[in-house]
A.B. asks: 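Okay, handing you the structure first.
All of these numbers come straight from a predicted model, not from anything done at the bench. Numbers here are sequence positions counted from 1.
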Amino acid sequence: MIPARIRDDVQLLWDFQQMRHEPRPCSVGIGLGSHDLGVADTTADLYLRGMMPLIVFTGATSRTTRERMPRGEAVHYRERALELGVPAAAVLVEPDARNTGENISLSRALLEEHGVEVTSALLISKPYEERRVYATARKLWPSVEFISASTPMSLDAYAESIGDERLVVDMLVGSLQRLLIYPEQGFMISQPIPPEVAAAYERLCAEGYTSRLVPGTAAAG
């Protein structure tokens with residue numbers, strides 16, 4: 001379980017990262033690769049509910065996925081979606097993206113290559129990366145309307161499903177840092193960070209949850 005002394009701060013970051021968009025039918029669904037196979041499950045569920053006619057799974061491998069997903073995140077996501085009843089013809093695979101920006105830009109290029117007209121897109125990610133993914137997509141593909149989605153579950157249930165609460169907290173801290181520093185670097189749109197969320201982030205950094213911070217940057221961003 002998440003340690004009691006940091007529980008409230010972690011909850012603040014968790015709640016802030018989720019955008020609570022209501023899913024609706026879109027031109028395409030983009031499932032962003034990660035260590036969390038639940039993203040593929042939620043993408044498949046949205047497809048089977050008629051929310052999009054086509055899925056793009058995007059992602060290579062990372063230090064957290066190379067062992068559990070040796071063929072690449074997007075490939076494993078596709079395999080999972082097919083197991084859940086999504087037809088193969090409804091899935092495109094983008095196997096090279098290694099960060100959120102590449103998830104968006106390479107998915108866009110793949111869809112253009114296939115002649116798919118995109119006016120709206122469902123972005124399916126981990127629950128604690130909804131806002132980061134949305135902000136990145138808005139910056140890199142401004143002509144498209146984006147809706148963020150993730151597996152609906154509580155913080156505690158999610159940490160239990162991953163089986164590594166330290167990783168979840170580190171990832172939450174890293175995602176928040178990127179919201180602070182990436183707009184200035186042109187990687188995403190700027191979004192207001194409530195003072196209580198920024199303060200929680202600072203305290204978690206001070207507790208040592210810093211393994212997912214951008215290398216070479218100060219914890220405070």
A.B. asks: So, E94 side chain and F57 main chain: donor-acceptor pair closer than 3.5 Å or not?
C.D. replies: no
A.B. asks: Side chains of Y201 and D9 only: does a donor on one sit below 3.5 Å from an acceptor on the other?
C.D. replies: no
A.B. asks: Quick check: does any side chain N or O of R131 sit under 3.5 Å from a backbone N or O of F16, one acting as donor and the other as acceptor?
C.D. replies: yes
A.B. asks: Does the side chain of S175 come under 3.5 Å of the side chain of E129 through a donor N or O and an acceptor N or O?
C.D. replies: yes
A.B. asks: Under 6.0 Å from the six-membered ring centre of Y209 and within 45° of its axis: does the NZ or CZ of R166 meet both?
C.D. replies: yes
A.B. asks: Between atom OG1 of T136 and atom CH2 of W141, what is the distance when rounded to the nearest 0.5 Å?
C.D. replies: 14.0 Å
A.B. asks: Counting N and O atoms only, with roles assigned by atom type, does the side chain of H21 sit under 3.5 Å from a partner on the main chain of S148, one being a donor and the other an acceptor?
C.D. replies: yes
A.B. asks: Using the test side-chain hydrogen bond (donor to acceptor under 3.5 Å, both in side chains), find all partners of R80 that sit at least two apart in sequence or belong to another chain.
C.D. replies: D41, E83
A.B. asks: Are the side chain of Y128 and the backbone of V169 linked by a donor-acceptor contact shorter than 3.5 Å?
C.D. replies: no
A.B. asks: So does D15 get a backbone contact from the side chain of R20, meaning a donor-acceptor N/O pair under 3.5 Å?
C.D. replies: yes
A.B. asks: Starting at CG of L46, measure out to CD1 of I124 and round the result to the nearest 0.5 Å.
C.D. replies: 5.5 Å
A.B. asks: Please check if any side-chain donor atom of Y47 sits under 3.5 Å from a side-chain acceptor atom of T42, or the reverse.
C.D. replies: no
A.B. asks: Rounded to the nearest 0.5 Å, what separates atom OG1 in T58 from atom CG in L32?
C.D. replies: 6.0 Å
A.B. asks: Output yes when a side-chain donor or acceptor of H76 lies under 3.5 Å from a complementary backbone atom of R71, and no otherwise.
C.D. replies: yes
A.B. asks: When you compare the side chains of T119 and S27, does any donor N or O come within less than 3.5 Å of an acceptor on the partner?
C.D. replies: yes
A.B. asks: Would you mind checking if E145 and R24 are paired as a salt bridge, meaning a charged N to carboxylate O distance below 4.0 Å?
C.D. replies: yes
A.B. asks: I'd like to know if the side chain of S150 pairs up with that of E130 as donor and acceptor (distance under 3.5 Å, no hydrogens or angles considered).
C.D. replies: yes
A.B. asks: Between T210 and D170, does a side chain to side chain contact (heavy atoms under 4.5 Å, CB included) hold up when you go through it step by step?
C.D. replies: CA-CA 6 Å; T210 58; D170 280 344; 6.0 Å; no
A.B. asks: What residues form a side-chain hydrogen bond (donor to acceptor under 3.5 Å, both in side chains) with S154, not counting sequence neighbours?
C.D. replies: none
A.B. asks: From L155 CG over to E165 CD, what is the distance, rounded to the nearest 0.5 angstrom?
C.D. replies: 10.5 Å
A.B. asks: Give a yes or no on whether the backbone of T61 and the side-chain of R98 come within a donor-acceptor separation of less than 3.5 Å.
C.D. replies: yes
A.B. asks: Using a strict threshold of under 4.0 Å (side-chain N to carboxylate O), is an ion pair present between R108 and E112?
C.D. replies: yes
